[in-house]
Amino acid sequence: MRLRVEFTTEPFDLDEAPAHAVVAREVIQAADLDAVDVGPFGNTAEGGADAVLTAVDSLLRRALGAGATRVSLQVNVIGQHEAAPTVRDGADEDEEGEQ
């Protein structure tokens with residue numbers, strides 16, 4: 001499975017990149033990811049699920065440790081051609097337990 005992560009760290013500083021933003025970018029650029037795009041208002045990277053999830057863990061820990069007060073991120077599954085399996089919680093079952 002391939003994932004895309006998009007993230008920003010706050011607080012923003014338009015004059016100079018804050019330490020937490022620099023650390024977050026370093027984590028993503030050093031990770032085993034591809035299609036990395038870093039910018040002043042958002043960052044995006046793609047890769048295999050394990051690599052992205054490992055990078056997100058490190059990103060959160062290190063950015064918060066470097067002074068981030070907020071990390072906004074979105075993770076999307078990309079490149080899947082087959083539909084994800086349906087998950088049922090039993091809410092559609094009738095009184096006899098049939099679907």
Side-chain angles (χ1 to χ4, degrees):
M1 173 183 346
R2 286 186 51 79
L3 300 176
R4 175 184 299 125
V5 61
E6 301 173 53
F7 69 91
T8 58
T9 62
E10 296 178 38
F12 295 113
D13 183 342
L14 297 177
D15 294 328
E16 183 177 335
H20 58 80
V22 172
V23 165
R25 282 186 236 145
E26 288 173 352
V27 167
I28 290 300
Q29 290 173 327
D32 187 22
L33 302 172
D34 46 72
V36 174
D37 182 26
V38 296
F41 299 109
N43 307 283
T44 305
E46 296 178 8
D50 287 339
V52 170
L53 295 174
T54 298
V56 167
D57 177 66
S58 182
L59 163 82
L60 290 171
R61 293 174 188 278
R62 293 195 52 210
L64 293 169
T69 57
R70 178 178 180 154
V71 179
S72 300
L73 64 90
Q74 180 173 335
V75 178
N76 294 306
V77 175
I78 58 172
Q80 276 193 305
H81 298 289
E82 61 273 356
T86 302
V87 177
R88 296 195 178 256
D89 63 359
D92 295 332
E93 294 179 8
D94 63 19
E95 292 179 8
E96 298 174 5
E98 297 176 4
Q99 300 245 340

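The figures here come from the full heavy-atom set of this structure, side chains too, leaving out hydrogens, waters and symmetry mates.
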key: Verdict with supporting geometry, Asp34 and Arg2, salt bridge (Lys or Arg N to Asp or Glu O under 4.0 Å)   = CA-CA 11 Å; Asp34 46 72; Arg2 286 186 51 79; 2.9 Å; yes
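Using a 4.5 Å heavy-atom cutoff, the side chains of Leu60 and Leu73 are in contact. With a 4.5 Å cut-off on side-chain heavy atoms, Ile28 and Asn43 do not count as touching.
Between the side chain of His20 and the backbone N or O of Arg70 there is no donor-acceptor pair closer than 3.5 Å.
Here the straight-line distance linking atom CG of Leu33 with atom CG of Leu3 works out to 10.0 Å at 0.5 Å rounding. To the nearest 0.5 Å, atoms CG (Leu64) and CG (Leu59) are separated by 8.5 Å. Put simply, CD on Glu10 and OG1 on Thr69 are 6.0 Å apart, with the number rounded to the nearest 0.5 Å.
In terms of hydrophobic clustering, with Ile, Leu, Val, Met, Phe, Trp and Tyr side chains grouped at heavy-atom distances under 4.5 Å, Val27 and Val75 are assigned to a common cluster. When hydrophobic clusters are built by joining Ile, Leu, Val, Met, Phe, Trp and Tyr residues whose side-chain heavy atoms come closer than 4.5 Å, directly or via intermediates, Val22 is not grouped with Val38.
In this structure, Val23 and Ala63 approach most closely via the heavy-atom pair CG1-N, 4.1 Å. The minimum heavy-atom distance between Pro18 and Asp13, with the atom names listed, is CG-CB, 4.0 Å.
Under a cut-off of 6.0 angstrom, the local environment of CG in Asp32 is sparse, with at most 12 non-hydrogen atoms contributed by other residues, nucleotides or ligands.
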